[in-house]
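Below is one structure; the comments refer to it alone.
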Amino acid sequence: MLGSFRAFTALATVASILVSRVDAIAKISRSGRYLYQDDGTRFYIKGIAYQEQGAVVESADNAFGEPSTFIDPLALPDACRRDLPFLQQLGVNTVRVYSVNSSLNHDDCMQTFSAAGIYTIIDLALPLNGSIDRVSPSWSTNILDQYIRTIDTFSKYDNVLAFNVGNEVVVQEATGVSPYVKAAARDIRAYLSSKSSSALVGYAAINGASTWRDALASYLTCDASGGNSDATAIDLYGLNDYEWCGDSSFESSYAGTTRNFANFNVAAYFSEFGCITSPPRLWTETQAIFSSQMSDVWSGGVAFSYFPASSVQGQFGMVTVDGNTVTTSDDFDRLRTQYNQASGPNSPARSSAATTFGSCPAESDTFAASTTIPPTPNEAACGCLQSTLSCRFTPQTSNYSAIAGELIGTACSLLGQQGGNCNDIGGNGTTGTYGRLSGCDPTVKLSFVMSQYYEINNRNPQSCSFSGNATVNSAAPSSASAANAAASSCISNPSATFTPSAPATTGGSGGSSGGGGSSNGGSSGGNNNSNGAVPLITDARALLGLGSMAAVGFASAFWVLV
Ligand SMILES: *[C@@H]1O[C@H](CO)[C@@H](O)[C@H](O)[C@H]1NC(C)=O
Ligand SMILES: *[C@@H]1O[C@H](CO)[C@@H](O)[C@H](O)[C@H]1NC(C)=O
Ligand SMILES: *[C@@H]1O[C@H](CO)[C@@H](O)[C@H](O)[C@H]1NC(C)=O
Ligand SMILES: *[C@@H]1O[C@H](CO)[C@@H](O)[C@H](O)[C@H]1NC(C)=O
Ligand SMILES: *[C@@H]1O[C@H](CO)[C@@H](O)[C@H](O)[C@H]1NC(C)=O
Ligand SMILES: *[C@@H]1O[C@H](CO)[C@@H](O)[C@H](O)[C@H]1NC(C)=O
């Protein structure tokens with residue numbers, strides 16, 4: 001009942017926007033591995049990355065140069081209006097935005113772009129604690145809720161082409177994180193469907209050796225249940241591809257990659273492109289990308305980047321901005337010339353495009369991802385548990401993401417010394433095993449481990465202190481292994497998958513008490529992987545993701561090694 005009511009109101013909102021617009025932007029949908037407008041015309045993404053770079057803290061822990069802050073470009077109406085003429089000169093029809101803040105208002109920018117025929121690809125992740133962490137991964141309530149809040153904020157606009165569930169999360173050294181990304185795709189697909197949203201579910205992959213890159217692409221577009229269902233698949237695969245430099249040619253750059261994707265089943269595009277190793281950038285690859293040599297596999301791409309962005313490889317960006325003044329570069333002029341000449345073939349016909357969702361690639365040495373994917377994060381079950389635990393995390397600071405990670409490590413280590421373990425909060429995407437609490441917010445996981453430690457020590461008050469970070473819950477049941485019993489009772493079906501619903505309160509405490517909000521709580525904060533984790537660089541073809549905002553690090557090694 002509630003679900004169908006929600007779907008109705010969502011439809012009504014969209015309808016009223018459409019009615020009030022004379023010349024509404026066309027709805028884009030996927031058929032087979034192609035994108036089409038309502039009228040059956042094939043659609044190609046002629047895009048540009050559109051986000052000012054956040055602060056990058058240079059350190060050995062941050063090999064990818066991932067920003068730790070972000071500026072939401074779609075919440076700055078004056079800037080959107082300032083930039084629109086330049087986006088129009090470039091001839092783009094899509095902007096890709098890496099992180100947005102769901103509590104801000106985006107009406108002005110979204111409507112400005114929509115009226116100009118510009119779609120958006122919205123990445124759902126936020127820097128640091130708002131992404132699936134490739135070092136100690138989980139698909140958990142805090143990230144799901146953040147994704148849902150962003151979808152709720154943006155699904156009312158008619159120009160959202162896709163929501164990306166991750167950017168460069170999976171890398172060669174961490175293919176075991178893939179099941180968490182696939183679980184995110186499954187739950188976000190179900191949620192969008194429950195809202196009658198037509199936005200596509202996307203993922204943007206880092207480039208790398210085809211041994212794991214192609215397996216990941218198949219994995220994200222296969223049916224994990226072994227049938228021919230789209231329920232666990234993405235619709236739109238993005239490859240961040242920087243292969244073409246100078247005045248190259250199809251044969252010497254994109255040909256191999258294109259051949260490898262010849263039998264791909266969903267829409268694919270370059271979610272970032274543009275040379276990063278040998279300037280100047282000529283953008284002649286645009287001709288190849290929109291040519292019939294590539295159009296059977298690729299539906300365009302997103303040039304990186306409108307705003308200046310720097311990495312160890314140099315400085316990229318089409319414009320510089322000073323207040324209201326935009327200054328374009330030669331790079332801008334070259335891309336404008338190329339984009340304005342490019343138009344992909346209007347074939348094949350939509351009626352001939354069909355998709356099958358085959359079985360998933362087998363696990364291998366180069367792609368160690370199980371087809372058993374994590375359950376849907378269960379806010380109600382985790383909230384029930386948190387309210388019942390005997391010793392709970394009560395941070396003295398609102399900035400607790402970093403200490404939560406550290407304390408989980410400490411608490412698991414202490415518990416381990418007394419014969420316990422942290423299996424319930426961990427998980428392993430290679431073996432396809434997920435602890436009962438793996439989908440809970442890190443603060444709930446921490447409270448659970450603290451409670452086990454407290455109970456194993458016969459409720460000695462000293463054992464529920466953690467240097468002042470924990471408090472005894474006097475209302476909790478007093479049995480010997482109460483935490484364990486609470487987990488069994490609250491999380492009665494740990495492997496359940498279901499259509500998630502919006503968090504009860506926007507940014508609220510989501511049922512947890514004492515330990516801070518489980519829907520907005522601290523999570524994998526701190527980008528310190530001084531935990532002995534393998535540094536995640538080294539793939540020769542992985543051109544260090546410039547726009548990458550996937551999370552790094554978590555100051556705790558113990559609990560992932562279950
Ligand atoms: C979103 O914006 C609000 C209001 O400015 C701010 O308080 C909050 O910290 C922002 N959230 C993020 C994740 O940046
Ligand atoms: C939060 O704590 C981390 C590490 O303790 C620190 O680096 C960061 O600046 C803090 N952030 C805020 C907003 O206080
Ligand atoms: C991430 O951490 C910041 C600062 O600690 C906090 O304001 C924000 O709510 C957190 N976001 C999530 C999704 O946990
Ligand atoms: C909480 O834990 C952190 C990390 O271990 C520690 O630095 C801090 O002193 C503890 N106590 C309080 C009151 O924050
Ligand atoms: C990471 O941890 C190491 C060792 O504990 C410490 O020296 C370093 O300052 C930390 N870096 C950050 C960014 O917190
Ligand atoms: C997951 O399990 C595999 C196989 O047992 C093991 O090699 C790997 O180290 C585990 N990964 C993590 C992150 O614990």
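When a ligand or atom number is given, it counts from 1 through the structure's own listing order.
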For [Y], does its backbone N or O pair with a side-chain atom of [X] as donor and acceptor, under 3.5 Å?
X: Gln396; Y: Thr394; result: yes
X: Arg134; Y: Val169; result: yes
X: Thr232; Y: Ala224; result: yes

Inset, instruction - Go through ligand 4 atom by atom and flag the ones less than 4.0 Å from a non-hydrogen atom of Ile403. - result: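 Under 4.0 Å from Ile403, ligand 4 has these atoms: 3 (C), 4 (C).
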Legend entry - Salt bridge present between Asp152 and Arg149 (N-O < 4.0 angstrom):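 Looking at Arg149 together with Asp152, the answer is no, because their closest N to O distance does not fall below 4.0 Å.
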Legend entry - Check ion pair Glu272-Arg96 (N to O, under 4.0 angstrom):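 Result for this pair is yes, salt bridge flagged.
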Legend entry - Close side-chain approach of Glu52 and Val321, heavy atoms under 4.5 Å: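 No, every pair of side-chain atoms sits at 4.5 Å or beyond.
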Looking only at protein heavy atoms, identify the closest one to [atom] and say how far it is in Å.
atom: atom 4 (C) of ligand 4; answer: Glu406 OE2, 3.5 Å
atom: atom 11 (N) of ligand 4; answer: Ser467 O, 2.6 Å
atom: atom 6 (C) of ligand 4; answer: Asn469 ND2, 4.2 Å

Inset, instruction - Show which atoms of ligand 1 fall inside a sub-4.0 Å distance from at least one heavy-atom site of Phe70. - result: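 Close to Phe70: 14 (O).
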Inset, instruction - List every atom of ligand 1 that sits less than 4.0 Å from any heavy atom of Ser103, numbering the atoms from 1 in the order shown and giving each element. - result: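 It comes down to these atoms of ligand 1: 1 (C), 2 (O), 3 (C).
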Inset, instruction - Step through the shown structure and confirm whether more than 12 heavy atoms of other residues, nucleotides or ligands are within 6.0 Å of CD on Gln462. - result: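 No, because the 6.0 Å sphere around CD of Gln462 holds 12 heavy atoms or fewer from other groups.
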Inset, instruction - Report the relative orientation of the aromatic rings in Trp139 and Tyr147; use parallel for angles under 30°, tilted for 30 to 60°, perpendicular for over 60°. - result: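 If you compare the ring of Trp139 with that of Tyr147, the planes turn out tilted.
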Legend entry - Mutual orientation of the aromatic rings belonging to Tyr98 and Phe304 [parallel < 30°, tilted 30-60°, perpendicular > 60°]: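 Plane angle over 60°, so perpendicular.
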Inset, instruction - For ligand 6, find out whether one of its N or O atoms is nearer than 3.5 Å to an N or O atom of Thr430. - result: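 No; every N/O pair is 3.5 Å or more apart.
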Legend entry - Sub-4.0 Å protein heavy atom next to atom 9 (O) of ligand 4: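 Protein heavy atoms within 4.0 Å of atom 9 (O) of ligand 4 - there are none.
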Inset, instruction - Please indicate whether any nitrogen or oxygen in Gln396 is less than 3.5 Å from any nitrogen or oxygen in ligand 4. - result: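 Between Gln396 and ligand 4, no N or O pair is found under 3.5 Å apart.
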Inset, instruction - Quick one: look at Leu407 and ligand 4, take heavy-atom pairs under 4.0 Å, and tell me if it's side chain, backbone, both or neither. - result: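 Only the side chain of Leu407 comes within reach of ligand 4.
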Inset, instruction - With atom 1 (C) of ligand 1 as the reference point, say which of Ile71, Val100, Asn101 has the nearest heavy atom. - result: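 Residue with the shortest heavy-atom distance to the ligand atom: Asn101.
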Legend entry - Among Asn428, Val135, Thr433, closest by any non-hydrogen atom to atom 12 (C) of ligand 6: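 Heavy atom nearest to atom 12 (C) of ligand 6 belongs to Asn428.
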Legend entry - Structural part of Asp72 in contact with ligand 1, heavy atom criterion under 4.0 angstrom: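 Contact part for Asp72 vs ligand 1: neither.
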Legend entry - Ligand-residue contact atoms, ligand 6 with Thr431, heavy atoms, under 4.0 Å: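 Answer, ordered by atom number: 2 (O), 4 (C), 5 (O).
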